[in-house]
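Below is one structure; the comments refer to it alone.
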Amino acid sequence: CATSPQKTHLSAKMRKDESFLGKLGGTLARKKKSKEVSDLHEEGKNAINAPMLPTGTDIHPEDTLMEENAERIMLDPTSRETLKFKDLLKVLIDWINSELEEERIIVKDLEEDCYDGQVLQKLFEKLSGKKLNVAEVTQSEIGQKQKLHTVLEAVNELLRPHGWTVEWSVDSIHSKNLVAIVYLLVALVMHFQAPIRLPEHVSVQVVVVKQKREGILQTANVFINYLFLPTERDAFDTLLDHAPDKLNVVKTSLITFVNKHLNKLNLEVTDLETQFADGVYLVLLMGLLEDYFVPLYNFFLTPESFEQKVHNVAFAFELMQDGGLKKPKARPEDVVNLNLKSTLRVLYNLFTNYKDSE
């Protein structure tokens with residue numbers, strides 16, 4: 001049987017294809033074997049590293065891409081979830097948003113919103129009154145780090161003469177290291193005496209990761225309490241800690257003062273801690289002290305939720321500022337949560353400014 005030229009051509013093509021596939025198969029097999037060796041090496045490295053990783057600590061792959069002998073500090077996940085640390089983050093975020101309200105900047109997450117230097121630049125300029133020579137918008141990593149360098153250089157020049165230890169850097173801020181970001185913000189709060197009260201005695205645990213030879217990671221848990229110091233103590237701290245017997249004298253004086261005015265509306269206070277917690281008496285008291293009627297649509301006369309009570313106290317604080325008083329260092333949430341020191345501070349501030357008012 002004669003073979004057609006067409007079949008001969010197809011047969012030769014098939015042999016050529018088989019030869020090609022055989023070579024490809026050999027290449028793929030070698031690659032697969034190489035990958036298996038690589039995976040085995042990685043598995044062995046992980047087995048060596050595993051006993052050194054603190055229990056419950058989640059080390060992300062990008063956190064292990066470090067040069068030999070490099071060191072990185074990360075916040076332990078359990079510390080991130082503590083109520084005091086969450087409270088601290090909220091206070092700092094609210095403060096930044098208050099300061100940058102005119103810039104129409106809204107911060108929701110410190111790591112995601114502060115790492116590129118834009119928010120830190122605007123915040124420093126607002127607090128210091130100095131304009132920094134930086135590009136307004138920078139998308140590239142190099143541009144962002146250049147901006148951070150300029151901002152942090154200005155911050156450090158301002159803080160170092162006052163004894164501050166610099167616990168932040170361009171790399172730590174840009175890598176979204178929350179410990180460094182919070183430490184920087186707390187330093188700015190305290191240096192510029194921001195009208196807020198930071199939660200006291202906030203301590204965190206961090207994980208120190210070191211890159212050793214041959215890609216082996218060495219980690220250690222470190223417990224630190226240096227980040228977030230209490231704000232400057234005032235007369236009420238001393239009073240409550242060292243002279244609790246005199247506290248009743250102060251409370252009696254304040255009750256006499258507030259009732260002198262609230263009695264005009266047939267209202268009477270017997271308990272400072274609880275009766276000002278919903279903000280209603282504070283709002284009415286400010287109206288009496290400044291001699292004006294506060295429209296009822298501006299606040300909740302019978303607040304039921306926590307948010308409505310916070311609204312009332314915050315509104316009373318606004319009235320105080322309208323009257324020429326400094327913004328209270330206490331937070332509305334503290335007054336609503338029956339924090340006696342916070343309530344006493346607010347009332348004592350009113351007492352010192354309006355004690356001679358009739």
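- Val313 is connected to Phe306 through a chain of hydrophobic side-chain contacts under 4.5 Å among Ile, Leu, Val, Met, Phe, Trp and Tyr, so both are in one cluster.
- Cluster annotation: Met320 is connected to Phe293 through the hydrophobic network of ILVMFWY side chains, with a link wherever side-chain heavy atoms come within less than 4.5 Å.
- To the nearest 0.5 Å, atoms CD (Gln118) and CD (Gln121) are separated by 5.5 Å.
- For Glu307, the side chain to side chain contact (heavy atoms under 4.5 Å, CB included) criterion is met by Ser305, not counting sequence neighbours.
- No option in Leu100, Asp94, Ile93 other than Leu100 meets the side-chain contact (heavy atoms from CB on, under 4.5 Å) test with Ile96.
- The number of heavy atoms from other shown groups lying within 6.0 Å of CG (Leu296) is above 12.
- The number of heavy atoms from other shown groups lying within 6.0 Å of CD (Glu101) does not exceed 12.
- Closest of all the heavy-atom pairs between Ala316 and Leu282 is CB-CB, 3.8 Å.
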Exercise for the section: Would you check, one step at a time, whether the test side chain to side chain contact (heavy atoms under 4.5 Å, CB included) holds for Thr150 with Asn133? Expected result: CA-CA 8 Å; Thr150 302; Asn133 184 24; 5.9 Å; no
Practice task
Would you sort out whether Thr274 and Asp271 count as a side chain to side chain contact (heavy atoms under 4.5 Å, CB included), showing the intermediate values?
Solution key: CA-CA 6 Å; Thr274 60; Asp271 188 334; 3.3 Å; yes
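- Across every non-hydrogen atom of Leu288 and His261, the tightest pair is CD1-O, 3.2 Å.
- Inter-residue side-chain proximity for Tyr354 and Met286 is flagged as met; some heavy-atom pair is nearer than 4.5 Å.
- Of all heavy-atom pairs spanning Ala277 and Leu338, the tightest one is CB-CD2, 3.4 Å.
- No side-chain heavy atom of Leu319 sits under 4.5 Å from any side-chain heavy atom of Glu290.
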Problem - Working for side chain to side chain contact (heavy atoms under 4.5 Å, CB included), residues Leu350 and Leu325 - result: CA-CA 9 Å; Leu350 294 179; Leu325 277 66; 3.8 Å; yes
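- Interatomic distance, Asp113 CG to Asp109 CG, rounded to the nearest 0.5 Å: 6.0 Å.
- Atom CD1 of Ile106 sits in a sparse spot, with 12 or fewer heavy atoms from other residues, nucleotides or ligands closer than 6.0 Å.
- Side-chain contact between Leu120 and Ile173 is present, with at least one heavy-atom pair separated by less than 4.5 Å.
- With respect to the salt-bridge test (charged N to carboxylate O, under 4.0 angstrom), the residues Lys90 and Glu333 qualify.
- Take Ala154 and apply the side chain to side chain contact (heavy atoms under 4.5 Å, CB included) test, not counting sequence neighbours, and it matches Phe124, Leu132.
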Practice task
Start with the C-alpha distance between Lys122 and Glu102, add both sets of side-chain angles, then the distance that settles salt bridge (Lys or Arg N to Asp or Glu O under 4.0 Å), and finish with yes or no.
Solution key: CA-CA 11 Å; Lys122 295 295 183 183; Glu102 293 180 0; over 6 Å; no
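- Residues Phe299 and Leu265 fall within the same hydrophobic cluster, defined by Ile, Leu, Val, Met, Phe, Trp and Tyr side chains chained together at heavy-atom separations under 4.5 Å.
- Residues Gly287 and Val294 come closest through the heavy atom pair CA-CG2, 4.0 Å.
- Val170 and Tyr115 fall into different hydrophobic clusters, where Ile, Leu, Val, Met, Phe, Trp and Tyr side chains are chained together by heavy-atom contacts under 4.5 Å.
- Distance check: Leu184 CG to Asn177 CG gives 11.5 Å after rounding to the nearest 0.5 Å.
- With sequence neighbours left out, the ring pair (Phe, Tyr, Trp, His ring centres under 6.0 Å) criterion links Tyr281 to no other residue.
- A donor-acceptor pair under 3.5 Å is formed between the side chain of Lys147 and the backbone N or O of Ala135.
- With sequence neighbours excluded, no residue satisfies ring pair (Phe, Tyr, Trp, His ring centres under 6.0 Å) with Trp95.
- Between His311 and Phe300, a ring centre-to-centre spacing shorter than 6.0 Å is recorded.
- Contact annotation: the side chain of Ser98 approaches that of Lys327 to within less than 4.5 Å [non-hydrogen atoms, C-beta and beyond].
- Annotation: side chain to side chain contact (heavy atoms under 4.5 Å, CB included) contacts of Lys260 (sequence neighbours excluded): Glu358.
- You'll find the side chain of Leu123 stays beyond 4.5 Å of the side chain of Phe192, heavy atoms only.
- Nearest heavy-atom pair, Leu159 versus Ala187, reported as atom, atom and distance to 0.1 Å: CD1-CB, 3.9 Å.
- In this structure Lys108 satisfies the salt bridge (charged side-chain N to carboxylate O under 4.0 Å, His left out) test with no other residue, sequence neighbours excluded.
- Between Asp334 and Lys341 there is no salt bridge, since none of the side-chain N atoms of the basic residue sits less than 4.0 Å from a carboxylate O of the acidic one.
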Practice task
List the steps, then state whether side chain to side chain contact (heavy atoms under 4.5 Å, CB included) holds for Phe315 with Asn298.
Solution key: CA-CA 8 Å; Phe315 177 56; Asn298 278 333; 3.5 Å; yes
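- Between the side chain of Thr82 and the backbone N or O of Thr78, no donor-acceptor pair lies under 3.5 Å.
- By the criterion of side-chain heavy atoms lying less than 4.5 angstrom apart, applied directly or through intervening Ile, Leu, Val, Met, Phe, Trp or Tyr residues, Phe276 is grouped together with Leu301 in one hydrophobic cluster.
- The shortest side-chain heavy-atom distance between Glu125 and Lys130 does not fall under the 4.5 Å cut-off.
- The environment of NZ in Lys326 is sparse: at most 12 heavy-atom neighbours from other residues, nucleotides or ligands sit within 6.0 Å.
- In this structure, Leu198 CG and Leu92 CG are separated by 6.0 Å, a value rounded to the nearest 0.5 Å.
- Thr270 and Gln275 get closest at one heavy-atom pair: N-OE1, 2.6 Å.
- Looking only at distances, a side-chain donor or acceptor of Asn156 sits under 3.5 Å from a matching main-chain atom of Leu152.
- Proximity of Val280 to Pro303: side-chain heavy atoms (C-beta onward) are separated by under 4.5 Å at one or more points.
- Taken from CD in Glu103 to NZ in Lys126, the straight-line distance is 8.5 Å, to the nearest 0.5 Å.
- Considering only heavy atoms from C-beta on, Phe317 comes within 4.5 Å of Pro332 through its side chain.
- A side-chain donor from one of Ser169 and Ser172 sits under 3.5 Å from a side-chain acceptor of the other.
- The distance from atom CG of Asp116 to atom NZ of Lys176, rounded to the nearest 0.5 Å, is 9.0 Å.
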